[in-house]
Engineer: 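This structure is in structure tokens; I'll ask about it shortly.
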2 protein chains.
Amino acid sequence: MPERAVAGGKENSVETPVESTRERLLNVAEQRFGEGGYEGTSLRAITVAAAANIAAVNYHFGSKEALLRAAVARAMAPVNTERRRRLDQLEAKGRPTAEQLIRAFVEPGLELVLRRGERGPMVARFIGRIAFDPSQRIRELYAAESDPVEARYLAALQAALPRAAPESVAFGYVNMLGLLALHQSQALTRPPGDPVDPADDPGKLAENLIAFLVAAFDRGLRA
Amino acid sequence: MPERAVAGGKENSVETPVESTRERLLNVAEQRFGEGGYEGTSLRAITVAAAANIAAVNYHFGSKEALLRAAVARAMAPVNTERRRRLDQLEAKGRPTAEQLIRAFVEPGLELVLRRGERGPMVARFIGRIAFDPSQRIRELYAAESDPVEARYLAALQAALPRAAPESVAFGYVNMLGLLALHQSQALTRPPGDPVDPADDPGKLAENLIAFLVAAFDRGLRA
DNA sequence: GCATAGTTCAAACGGACGTTTGAATGAGAG
DNA sequence: CTCTCATTCAAACGTCCGTTTGAACTATGC
């Protein structure tokens with residue numbers, strides 16, 4: 001066995017933290033699915049990059065789709081946790097404003113995932129890509145991971161915007177979801193150098209997107 | 001040969017207007033690529049549905065990707081034409097407002113394509129899907145079809161919003177592009193019955209989206 | 001009539017796909 | 001040491017993929 005974490009040992013090697021085959025598969029799946037989509041990425045490409053045997057996928061997860069499901073769940077967990085935490089905090093202090101809610105929803109998706117470490121952008125692109133995969137089957141797989149907390153935000157937004165019709169708030173909400181996913185997937189950043197790159201700085205991107213959405217929610221929804 | 005238009009004849013059969021193999025392939029490709037994406041749709045599925053031989057694709061187009069390219073060009077042509085026409089008309093009467101520009105850009109994408117006949121929604125979904133395909137190669141294929149007229153709109157928008165920084169206008173512009181594509185692809189309409197369906201009526205959808213975007217452009221862009 | 005060019009056809013090409021198998025390998029428990 | 005069980009491995013499974021081939025068919029011009 002080439003590289004394997006010691007089960008009982010209290011230390012990992014200092015230089016390269018040893019990852020299990022399962023973890024390596026999830027990491028590479030995150031990257032490759034984010035780059036090429038689900039259909040466009042083969043298990044062989046994943047297992048080669050992860051230095052794992054093809055059969056390891058079916059041993060650890062059961063199938064290609066189950067691998068994707070596990071990767072989505074792992075990637076979404078911290079985002080959902082942070083969104084829940086922020087919403088709890090806001091609601092503990094009374095009825096939140098639309099801007100507070102938008103910020104609490106968008107920032108965990110962009111910041112918490114665009115910032116930290118090397119893998120951040122990969123995770124963001126992965127989530128954004130899966131959320132709007134061509135296959136409805138895959139999209140539902142993502143929706144199942146994020147629906148509960150999303151429902152809470154939708155209800156809070158409707159309470160924060162009593163002058164707008166509920167359908168209008170829902171319309172704004174799916175627009176927020178979609179724009180966030182598109183920026184996460186980096187599909188909006190035009191291929192070459194190009195005239196302008198709106199997302200050169202993740203922090204700026206978050207502020208620009210929030211300002212854009214706040215204006216649209218506050219004044220762009222029908223009664 | 002089962003069904004084939006008579007070349008010299010002056011009339012087609014009254015009941016079923018006969019389509020050429022080439023046209024049938026383009027029609028079915030539009031539908032299937034729009035449903036399953038490029039990678040998720042096989043040439044065999046297309047040729048079976050089009051009642052054509054597999055080799056017909058390579059005879060008429062050369063390859064799967066060339067078939068997609070031809071379908072994109074055909075689908076985008078009327079949209080681009082209409083956008084150009086509207087922009088010419090607006091600019092002939094002086095400097096257009098942001099709302100006029102947004103309307104002239106969004107409506108041809110939604111209305112002209114969502115309304116007419118049975119095939120409208122299929123074409124819309126096809127365009128929306130290809131515009132944000134997981135593969136950058138496919139996305140560039142779409143961009144090549146719509147870039148020229150898009151560049152004119154971007155310039156006009158920047159002139160209409162002198163208080164906003166050019167990068168901010170470009171940011172709003174890609175957001176408009178992305179939201180339009182997402183609504184066209186119907187990826188934002190949640191799968192089942194669901195709490196609310198924001199896009200029940202195409203006409204309403206256009207007005208809602210335009211109002212949303214106008215508010216965001218007018219008040220949501222940084223200086 | 002015949003020749004010609006444009007299309008369609010069944011069949012096969014090599015390769016890549018997701019999945020499965022059964023043996024080999026490893027560490028920990030008795 | 002021996003047994004056990006989790007994990008890894010090379011190899012093969014059958015299926016589907018995009019593409020190519022070469023013959024058959026069709027309409028038109030001579």
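So that the names make sense, note that chain A is the first sequence line, chain B the second, and so on, each numbered from 1.
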Engineer: Decide whether a cation-pi geometry holds between A:R139 and A:F132; the criteria are a distance under 6.0 Å from NZ or CZ to the six-membered ring centre and an angle within 45° of the ring axis.
Structural biologist: no

Engineer: Kindly point out which of D:dT8, C:dT20, D:dT19 is positioned nearest to the side chain of A:A55?
Structural biologist: C:dT20

Engineer: May I have the distance from B:E65 (atom CD) to D:dG18 (atom C1'), rounded to whole angstrom?
Structural biologist: 12 Å

Engineer: Salt bridge or not for A:E207 and A:K204, using N-O below 4.0 Å?
Structural biologist: no

Engineer: With a 4.0 Å limit, can you tell me whether A:S63 has a side-chain N or O closer than that to the phosphate oxygens OP1/OP2 of C:dG18?
Structural biologist: no

Engineer: Could you tell me the separation between the NE2 atom of A:H60 and the P atom of C:dT19, rounded to a whole number of Å?
Structural biologist: 16 Å

Engineer: NA contact type, A:A56, heavy-atom cut-off 4.0 Å: base, sugar-phosphate, or nothing?
Structural biologist: nothing

Engineer: Could you give the distance from CD (A:E30) to CG (A:L68), rounded to the nearest 0.5 Å?
Structural biologist: 10.5 Å

Engineer: Which residue lies toward the 5' end of DNA chain D, A:R22 or B:I54, if each is placed at its nearest nucleotide?
Structural biologist: A:R22

Engineer: Just say parallel, tilted or perpendicular for the rings of A:F126 and A:F33, cut-offs at 30° and 60°.
Structural biologist: parallel

Engineer: Give a yes/no on whether any side-chain N or O of A:T21 is located under 4.0 angstrom from OP1 or OP2 of D:dT7.
Structural biologist: no

Engineer: Does one side chain, of A:R84 or A:T81, offer a donor that lies under 3.5 Å from an acceptor on the other?
Structural biologist: no

Engineer: Whole-Å distance between D:dC17 P and B:N58 CG?
Structural biologist: 14 Å

Engineer: Could you give the CG-to-P distance, from B:L25 to C:dC9, as a whole number of Å?
Structural biologist: 11 Å

Engineer: Given atom CG of B:L67 and atom C1' of D:dT19, what is their separation to the nearest angstrom?
Structural biologist: 14 Å

Engineer: For C:dC17, does either OP1 or OP2 sit under 4.0 Å from a side-chain N or O belonging to A:S42?
Structural biologist: yes

Engineer: Quick one: A:Y59 OH to D:dA10 C1', roughly how many Å, whole number?
Structural biologist: 17 Å

Engineer: Which part of the nucleic acid, if any, lies within contact of B:T47, taking any heavy atom under 4.0 Å across all strands shown: a base, the sugar-phosphate backbone alone, or nothing?
Structural biologist: nothing

Engineer: Write down the distance between CG (B:N53) and P (D:dA23), rounded to a whole number of angstrom.
Structural biologist: 16 Å

Engineer: Between A:R44 (CZ) and D:dA10 (C1'), how many Å, whole number?
Structural biologist: 12 Å

